[in-house]
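Heads up, the thing below is written out as structure tokens.
Predicted, not measured: the structure shown is a model, and the values here were computed from it. Every number for a ligand or one of its atoms is a count from 1 in the order of the listing. Side chains are part of it too, since the values below use all heavy atoms of this structure and drop only hydrogens, waters and symmetry mates.
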Amino acid sequence: MNLYDILNKATAKPHALSQEELMFLLEIRDEKEMQQLFHAAYGLKLRYTGKMVSIRGLIEMGNVCAKDCFYCGIRKSNPNVERFQLDREAVLRMSRWAWKHNFGSIVMQSGEMESEEHTAFVESLLRDITNMCNGELGITLSLGEQPEETLRRWKNAGAHRYLLRIESSSEEIYRAIHPKNHSFARRVECLKILRKLDYQVGSGVMIGLPGQSAAQLAGDIEFFRKMDLDMIGMGPFLPHHDTPMGKNVDFSENFRRQQLELGLKMISAVRLQLHNTNIASTTALEALRNDGRELGLLAGANVIMPNITDPEYRKNYKLYENKPAVNESSDDSIRELTRKVAAIGEEINWNKRGDSPHYFARH
Ligand code: 5AD
């Protein structure tokens, strides 16, 4: 196996690589080879979306969560978080801000909750936002596993994309990082329902989990292909000190460099294998390095999701350590982001929903 052949094969057509070849890419250590990998994936990104970066404003609506994931800072049994839930006015204000600032699209994210009250709250918010913005603002939901009826109501009320990370497609890892009552099968089922309801469906995994092998990460990419996903959002695993998986972990410079590199290699490998899916350059990359998100774009990602939640709430939505931009106003973040994107020769696709080309290719 050699890198040159693998990259040629992958750029010629999608789904061209074997599991072994994907593993080869993920296991690259040599700096020059790594740059070649990023460069090839970036070339494909250019082929599908040009020098354009899609942008979504992320609204962290609340951190109350019914789940107890061993890695996550807002897990139910972490007593050290102040729980909050934005009210209608706050969500409308932030959505309006996004619309006025030429965002084509927002993501509404929160901890996982299943109740009629929550379902109805989100449903009416979706209608209000859609009315307020004359339907100009795309709306992605990231609200965890939900029953089919709930997802249908939200779709009818104006949501058109949904993000639900599988976290790891290896059932063995999934079981190791979640309590017993968290079901892998239900999560997969939920992704299938989203597809059936004709959402643009996004999923993804954490990269560099303890004990995770290159074979399992290659398996994640195969899972993305099999599920025919429209968007991929993945990021390196980062420890959070108030969680079972964040105790006694090494957060050394070396660990951070490894996590960043693996995260970037994974973005490239996904781009090379799937070609036209939307791939997010996630905040977790930025938590590892100041310019982590730009590096993600240059490794083949084409979407960024800056946080537009009011800073007063951000500190309570820490999923991992080192969360960036906790004290920054949304105006400052956007100015900074525009500058950073321009600095790598890319441009933000303002006022566009930035829907997944893969979704349209499928239809
Ligand atoms: N490190 C990295 N990502 C995390 N997430 C939650 N906790 C962590 C962590 N410690 C990710 C999960 C979740 C998304 C919202 O944040 O993948 O789906």
Tell me the nearest of [options] to [atom], using heavy-atom distances.
{"atom": "atom 13 (C) of ligand 1", "options": "E112, E167, E60", "value": "E167"}
{"atom": "atom 4 (C) of ligand 1", "options": "M206, M245, E321, H240", "value": "M206"}
{"atom": "atom 10 (N) of ligand 1", "options": "L209, I74, I207, L238", "value": "L238"}

| query | At a 4.0 Å threshold, what atoms of ligand 1 neighbour a non-hydrogen atom of Y320? | reply |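 Contacts of ligand 1 toward Y320, numbered from 1: 1 (N), 2 (C), 3 (N), 4 (C), 8 (C), 9 (C), 10 (N).
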| request: Check each atom of ligand 1 against the heavy atoms of L319 and keep those under 4.0 Å away; list them by number with element. | output: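 Near L319, the atoms of ligand 1 are 6 (C), 7 (N), 8 (C), 9 (C), 10 (N), 15 (C), 16 (O).
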| query | Can you tell me the protein heavy atom closest to atom 7 (N) of ligand 1 and the distance? | reply | Y71 CD1, 3.3 Å
| Distance from atom 11 (C) of ligand 1 to nearest protein heavy atom, with residue and atom | R165 NH1, 3.5 Å
| With a 4.0 Å cut-off on heavy atoms, does Q109 reach ligand 1? |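 Yes; Q109 lies near enough to ligand 1 that a heavy-atom distance drops under 4.0 Å.
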Should [X] and [Y] count as side-chain neighbours, where that means a heavy-atom distance under 4.5 Å?
{"X": "P239", "Y": "K247", "result": "no"}
{"X": "L163", "Y": "M231", "result": "yes"}
{"X": "L285", "Y": "I267", "result": "yes"}

| query | Just checking, any donor-acceptor pair under 3.5 angstrom between side chains of D230 and N278? | reply | no
| task | Give the ring-plane orientation class for F103 versus W97, where under 30° counts as parallel, over 60° as perpendicular and anything between as tilted. | result | tilted
| request: Please work out whether any backbone atom (N, CA, C, O) or any side-chain heavy atom from C-beta onward of P236 is under 4.0 Å from ligand 1, and answer side chain, backbone, both or neither. | output: backbone
| field | Centroid separation H240 to Y71 less than 6.0 Å | value |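 H240 vs Y71: aromatic centres not under 6.0 Å.
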| task | Just do the ring pair (Phe, Tyr, Trp, His ring centres under 6.0 Å) check on W154 and Y199 with the steps written out, would you? | result | CA-CA 10 Å; W154 289 346; Y199 277 94; 8.7 Å; no
